[in-house]
Structure formats: structure tokens, C-alpha cells
Protein chains: 2
Amino acid sequence: MSEVGIKEIAARANVSTATVSYVLNGTRNVKLNTRERVMRVIEEMNYKPNNAAQSLKRKRTNTIGVIAEDVTVFNVPEIIDGINDCADKMDMHILLTNLRLDKRIGRNFDQTDSYRHYANNAVSELLSKQVEGIVYIGVHPRDLTGLIDTSGKPIVYAYCYTQSDISIQYHDEQASYEAMTYLVKKGHTRIGIISGTMDSIPSRLRFNGYYKAVTEHELPFDPQLIKMGNWEAESGYRLAKELLELEQRPTAILAMNDVMAVGVMRAADEMNVQIPRDLSVMGFDNREFSDYLIPRVTTMDLPLHEIGFQAMESLALLIKGEQVERKPMPVCKLIERESVDAPR
Amino acid sequence: MSEVGIKEIAARANVSTATVSYVLNGTRNVKLNTRERVMRVIEEMNYKPNNAAQSLKRKRTNTIGVIAEDVTVFNVPEIIDGINDCADKMDMHILLTNLRLDKRIGRNFDQTDSYRHYANNAVSELLSKQVEGIVYIGVHPRDLTGLIDTSGKPIVYAYCYTQSDISIQYHDEQASYEAMTYLVKKGHTRIGIISGTMDSIPSRLRFNGYYKAVTEHELPFDPQLIKMGNWEAESGYRLAKELLELEQRPTAILAMNDVMAVGVMRAADEMNVQIPRDLSVMGFDNREFSDYLIPRVTTMDLPLHEIGFQAMESLALLIKGEQVERKPMPVCKLIERESVDAPR
DNA sequence: ATAGAACACTTAAACGTTTAGATAAACGAG
DNA sequence: CTCGTTTATCTAAACGTTTAAGTGTTCTAT
């Protein structure tokens, strides 16, 4: 612990501890003269107020808990960055808990029990650490409604879905709509899509966006062009082959994540289909590698930083007991690269 | 703050606060009878000890600070995961600070002043939060000796270098030696390398490993085969072209990170050099995308989790005031994929 | 010159725990 | 049955701050 306390400072500066506290916090006027004297002693002794004591007295810890389902999943660090960014501004600190869910229970959405166990343990620990609120970063976009009990402390969810509390997501539907519109503007009319697993909410939303684009742009609706993947490269590979083997090939494929887009590119490579000459490919997520593939793939960038930032903003409001007004949903941004061209 | 305190529990259980504390911490014998009574009340009221008060009295916060130069840089999350893993075991919590260095000052190693400023600010905040120690995750492997002042609190560095304190790195030299040996075993003798910037320590270590392999395996030493890159894809691209334009082409290229390996593959693609038929390519870092490229690239996996774990272990020892014994350096692991073959 | 307000500073209680030391009760040996 | 010891519990101080209330001191306006 800090060796030197406020008493020592007070003694050396010939004032009471109260005065030291006042100059430290600026909570009352202190004559310039004495203020400077106190400051000087503080400097000299390199005094730092003991935060434990402060928290105890103030009943405020200036600390929030961040629970990440798994920090090593691609979207999490950026979200944390956003939270941290906002927290900095409000002089809040971040107590981080990593659930390691990917490593512990994998993507099995049904292990609700062990899931609930890990999550609530983490919450419980954080609460006893006196965090003023929690932001929960879900990586697999499941619906968490009712799973987590914070005994009244404010919580906001980032990236995942819940009905009972505040949760910040980006605008999935509009993103896939925008992607489709982009392909249409490039001249494509036969567009294949490879979706994620349909038990995931964003997957359904992205599909909605696709469907909206199909109707609005009056594309021929062909069920053969719709493939159900599972987010993994292998499924992109397999389904792209199916699409490319159609008697009437699509001229473009929209994969609902970049990983499946990789699979698409592999399939194209194998079948000697050149991208983007013979086939346009579009991904989703703007994973770092999408810029490293050959050709560099056009994709939708996720507003992860913004999600984190907004989550923290909302949490701060909840902590202050204020109403949190609905903000416009963060939107994705189209990243134009080399994998899309006009059809020949 | 917690609404219900130890006094309330004591009152309801008809004991003194001391007794409650004893059953809570097991620091003294309490008759089974009363212990159970106290426990029951604790349960009923969902009582959680106020950590601020505990910390104040115990002079222990069970919290360490983690400073990350930038959480969004590829190696950081995995290191945090390792730290978190170990911290969990020791019942320690993590107060996270993200310097956002990449965004604020970029890779400019020379901005020592503003660098020092950010880092020491973070340290200072953490110290006043009463962390018991700090692990500092550097992303650009510069030498940080003397830059950071923790006023006596233990600190350990992960991934970066320092002479004055404990720092945990992986074994760079042996990794590049192993990579080279692998290529040699595959039958290559003319091996080009593209190094990182030579002002970076790992870059020099990796070069040492290369050189050691060259001499030990009695490869012809040809300075033309050694190219100095800057870690970026573009430099890999440019330098691979130079290598491929040599009158006596190398049959394999070892790029000292996966990003530059991407550049190599682009160059090869453009020059119609097929990988691995006409040229073997090896990367370094096992970035996620290395598995997504076509062909999937063989590379060296970094023991990031282990680095984080060891860092936390060492820190725990320092905190306890114990000697930290030198452990064997974590080593990289060769990930064999498709980009390397025997020369034709 | 003086009352009253404004200002600068101090005193001491409080925040919710832990823990040494005190006390009381129960036990065991003779 | 007594004395010493062990065991169970309690009392109260302490941890390092903040802050309401109190005490001087210095202005300001008359």
C-alpha cells in the first residue's frame, strides 16, 4: 500500500487532513498560499490518495466491470477499446473478467447451465469488488434475457441480445441490405448468399436485409441461390461449390462472414473461377485477413469501437440513475476492395 | 454500494461483527452451531463483504494492473488471456488499462517522450488504485529499460524487453532457427529471408537464429538472399520481387512475419510463381489469416498464452516478496501447412 | 468603529471491515 | 472441586479518507 498517507502530508504542511483533502479534490476554497504549500509537500512525498479509503468513504469506486465471453475472439478487443476509450473520459476504471467461454464450452449454445454458472460467478465477484456497473461483451450473439442476475446493479450488453436490459448492437439488417445494393449497383442480378447458422439473431437479421434488397431491387428470387452455412470456412467452400455447379451460376456471392468468404475463394480457386473476373465475392466483418487475401476482399466493417463506446455511455447514464435515450444504432461501413467487379 | 453490511448480519445472527468476520474468513474457530446460523443469515441477506473496506484494512487489494500498449494488436488478447488464466487461479483481479498507443503515436519508436507520458500516467492511476503489481504488455518489442517508474511496486513486462526488470519473451532465436532447419530438411539450400526492421530486438534475434542455421547446416552464405523489410506487407511484396528477380532464385523464402509473407505471396502470384511448387514460403507469428490464405501458410506459432501466464506467475512471486526463479523461455511451435514443399 | 457576512481552516465522526486483546465459558487433570 | 488451559465469543481500535459542523479570522458596508 501507499506508504505515505494524508496525515503525514497534513503534518508536514502544517494543516489539517481536511485541508489537504480540500486542495486534493477542490471541494472548498483554500488560500492560494496554503494550497501551494500543500501541493508542494504532495509532490515531494509523491503522495497518492489511497483509493480503498476513498471508495469506502465516498461510496463510489469509479470502477466498472467488463465481462468478456472470450477476449481472444476477433470482435472483443475492439469493443474493449471502445469501452476503455469512453471510460477514460469519465475517469472510470475497468475491472476485466475473461470467461474463456470459447475454450470452456465452445460454440455450443445449449450449455445454458454451465454458461449461466460462469457468467454469474463473474458477476458475483465483480459485485463484491464494488463495481458500479457491468458491461457484458457477448461474442456469440445469443439472447441472454434473464440469464444474468446483477442484484440491481446496472448492466449493459454489447454485441449480444437481451430483452430485459439495454443492449447495444450494430445494424445488421441495414448492413446486408447495403452490401446487396452495392452488388446490384455493380450490375449483378443473380446473387448467391451463404448465411450463418439460422439460430443466431444477426444471421436472421442479415438475411432480412438480403431479402429486403431482393424485393426492393426486384431481383429474380431463386431459392437455389440461398445457402445455409455455419460461419466456418469449410461451409463456405462446400456451398460455394454447390452454387458454382448450378446450371445458371450466380455472378456474385455474398458470404455472411469473411471466414466463409475464404471458403468461397478456395472453391473458386479449385474450380478455376477467377475472382472478380468470373465471380464477385463479398464478405462480412472486415476481419483483418480480408485485406490480405488475393484478391483483397470487399466486405462490411463492423462498428465495434462504437458499440463499446455506446455501451459505456449508456452504462454511465444508468449508474447516474438517469434515463438512457435510444441512440441510433451504429452502422456498418462498406469497405471496397478488389473482389467485386461488374459481371461480364 | 452493498446495502447490507457486516453489522446487520451480526445483529441478525446475534453475534458480534468479529464473529461474522471469522466465519467469513475462517481465521478463527467458530462453533459449528453459530457458524451455521451466521452463514444462513449471510445467504438470506445475500451479503457480500465490501471490498473497499476489506482492502483498506487488510492492505491488500488482490488486484493487479494490466497495461496494454494496444489491446487491438494481434498478440495482446491472447497474452491477456494467459494473464487472466493465472490470475484466476490466485484469486487476483485485473484492472485493465489500454494505452491505445498504436492509434496515438503509431509505430514511431522515437516518440519516447509522449510514450513515457502515457505509460507513466497509466502506472500512476493504477498505483493509486492500490494494485499490488503491474504487468505491462508491450506490442512493439522495444527496450523499455528505465522508462517506467512504479515507485517500488513490482512490475513485469510481457513480450517486450527491459534490462532493469523481469520481462517474459519467447525464444525468438530458436524459433527462426527451427524454421530454417525445417526448410533445410525439406531440401532447400538457397533460402531467402525477409527480416523485420533491424531496430527491433526480436528482429535481430530472429536473424541470429537464421544465421546460426546457415552456418550449422553449412548453407552457402549469399548476402543477396538477405532482405531487410519493415514488417509490412508492401515490403514483403517488394523484396520478394527482388529475390525472385535474382539470376539464381531462392527456392524458399522465410518472411519474419506473416504479414510480409502475404506480400511475398502477392509477388509470387503476380510473377506467376506457384507456391509451393516453384517457391516455398514460410511466415512467422501464426496470425489467424495465415490459415486462410491460398495456399495455407506454414508458420511459427507464438506462445502468447504462456507468456501471459508466466508473466502473472512471476508477478505473483514478486508481490509475495519471493525470489522469482528463471524459467525456461516459452518456445514457438512450427505449424506445418501447405506453403512449403521440397524444391523441384 | 462595528455588525454581519464571507472566507479559511480545524475538529471529529463516519465509511465497513479486520484483528489484537479481553472476557467468559467449557474442559481436563489432579 | 479447584486451578489452569483451551475454546468461543466480544470489545474496540484501526485502516486512510471525506465532510458536516464548528471556530476563528478577515473583509464589507454602514
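The chains referred to below are lettered A, B, ... by the order of the sequence lines, with proteins before strands, and numbering in each begins at 1. Any value given below was found using the heavy atoms of this structure, including those in side chains, with hydrogens, waters and symmetry copies removed.
Counting any heavy atom pair closer than 4.0 Å across all strands shown, B:N14 reaches sugar-phosphate atoms only and no base atom. Within the 4.0 angstrom heavy-atom criterion, only backbone atoms of the sugar-phosphate kind lie near A:N25; the bases stay farther away.
In this structure, B:R60 atom CZ and C:dT17 atom P are separated by 19 Å, rounded to whole Å. Put simply, CG on B:N33 is 16 Å from P on C:dA25, counting in whole angstrom units. Between the C1' atom of D:dT19 and the CG atom of A:N29 lies a distance of 16 Å, rounded to the nearest Å. For the pair B:Y22 OH and C:dT18 P, the computed distance is 10 Å after rounding to whole Å. Separating the CD1 atom of B:I6 from the P atom of C:dT18 is a distance of 5 Å, rounded to the nearest angstrom. To the nearest angstrom, C1' of D:dC15 lies 14 Å from CG of A:N51. Atom pair B:Q130:CD and D:dG16:P shows a separation of 10 Å (rounding to whole Å applied). For B:K48 and C:dT17, the NZ to C1' distance is 17 Å, given to the nearest whole Å.
Side-chain atoms of B:K57 and base atoms of C:dT17 include no donor and acceptor less than 3.5 Å apart. You won't find any donor-acceptor pair under 3.5 Å spanning the side chain of A:R58 and the base of C:dG16, going by distance alone.
Between A:K31 and D:dT26 there is no side-chain polar atom (N or O) within less than 4.0 angstrom of OP1 or OP2. When the side-chain nitrogen and oxygen atoms of A:Q54 are compared with OP1 and OP2 of D:dG16, none of them lie within a distance under 4.0 Å. Between C:dT18 and B:T27, no contact under 4.0 Å exists linking OP1 or OP2 to a side-chain N or O. For B:T19 and D:dC10, the shortest distance from a side-chain N or O to OP1 or OP2 is below 4.0 Å. Contact between the side-chain N/O atoms of B:Y47 and the OP1/OP2 oxygens of C:dT17 is found at a separation under 4.0 Å. Contact between the side-chain N/O atoms of A:T17 and the OP1/OP2 oxygens of D:dG16 is not found at any separation under 4.0 Å.
Of all nucleotides listed (D:dT19, D:dT11, C:dT17), C:dT17 comes nearest to the side chain of B:K7. The side chain of B:A18 sits closest to D:dC10 out of D:dC10, D:dG16, C:dC9. When distances run from any side-chain atom of B:S21 to the nucleotides C:dC9, C:dT19, D:dT19, the shortest one goes to C:dT19. Checked against C:dT18, C:dT10, D:dT19, the side chain of A:V15 finds its nearest nucleotide in C:dT10.
Contact of the A:T63 side chain with the B:K129 side chain is registered, since non-hydrogen atoms from C-beta on lie closer than 4.5 Å.
Taking both residues in full, the closest heavy atoms of B:Q310 and B:P328 are given as NE2-O, 3.5 Å, listed atom of the first, atom of the second, then distance. Between A:E325 and A:L317 the shortest heavy-atom distance is OE1-CD1, 3.7 Å. B:I83 and B:V135 make their closest contact through CD1-CG2, 3.5 Å (heavy atoms, listed as atom of the first residue, atom of the second, distance).
For A:E43, the CD atom sits in a loose shell: 12 or fewer heavy atoms of surrounding residues, nucleotides or ligands are nearer than 6.0 Å.
Salt-bridge annotation for B:R100 and B:E69: absent, with no side-chain N of the basic residue lying under 4.0 Å from a carboxylate O of the acidic one.
Checking A:R28 against A:L24, the closest nucleotide of DNA chain D that is more toward the 5' end is the one next to A:L24.
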